[in-house]
Amino acid sequence: MAIDVAAAGECTVEDIWRVPAVAAEGREVRAALRSAQRALTAILERVEVPVVLRDDGRLSFFPHDAAELAAVRAAVDAARAVHAHLVGVLRQAAGDDAAGDDA
């Protein structure tokens with residue numbers, strides 16, 4: 001996400017505030033999906049910047065100053081970290097399933 005601070009009237013980001021829809025098999029995977037969604041919701045709720053949900057699922061934030069812009073950037077970074085962790089959990093679960101199929 002590249003935002004010009006001087007022109008930071010609006011910054012729109014892809015929808016990273018929801019976990020992906022996946023066929024969740026196994027208790028650990030379902031728990032990881034729920035935990036990730038709770039974390040994403042909490043991150044978004046802490047951003048005290050006006051926001052609009054677009055029809056295409058993207059969010060547009062309207063920071064008033066550099067501090068609010070920094071808060072949006074930090075929230076986006078945190079959301080991406082949640083997604084990265086979730087991808088790791090899902091890959092590990094898929095690997096565990098494949099290893100179980102080989103047995």
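In this chain, residues are counted from 1 in sequence order. From a predicted model like this one, the values you see are computed outputs, not experimental measurements.
- Taking CZ from R80 and CG from D77, the interatomic distance works out to 7.0 Å, rounded to the nearest 0.5 Å.
- Taking each heavy atom of I43 and A79 in turn, the nearest pair found is CD1-N, 4.0 Å.
- R54 CZ: more than 12 foreign heavy atoms inside a 6.0 Å radius.
- What you find for W17 and A75 is that their closest heavy atoms are CH2-O, 3.6 Å.
- Legend: salt bridge (charged side-chain N to carboxylate O under 4.0 Å, His left out) pairs involving residues 31-49, not counting sequence neighbours: none detected.
- Interatomic distance, CG of L90 versus NE2 of H85, reported as 9.5 Å (0.5 Å rounding).
- Scored by the side-chain contact (heavy atoms from CB on, under 4.5 Å) test, Q37 finds R18, V19, L40, T41 as partners (sequence neighbours excluded).
- For the atom pair F61 CZ and L69 CG, the distance stands at 11.0 Å (nearest 0.5 Å).
- Using a cut-off of 4.0 Å between Lys/Arg side-chain N and Asp/Glu carboxylate O, R58 and D56 are scored as salt-bridged.
- Contact detail for D65 and E68: the closest heavy-atom pair is OD1-N, 2.8 Å.
- Paired with L59 under the rule side-chain contact (heavy atoms from CB on, under 4.5 Å), one option of V76, I16, L44, V72 passes, and it is L44.
- Follow the hydrophobic side-chain contacts under 4.5 Å out from V87 and you never reach L33; the two are in separate clusters.
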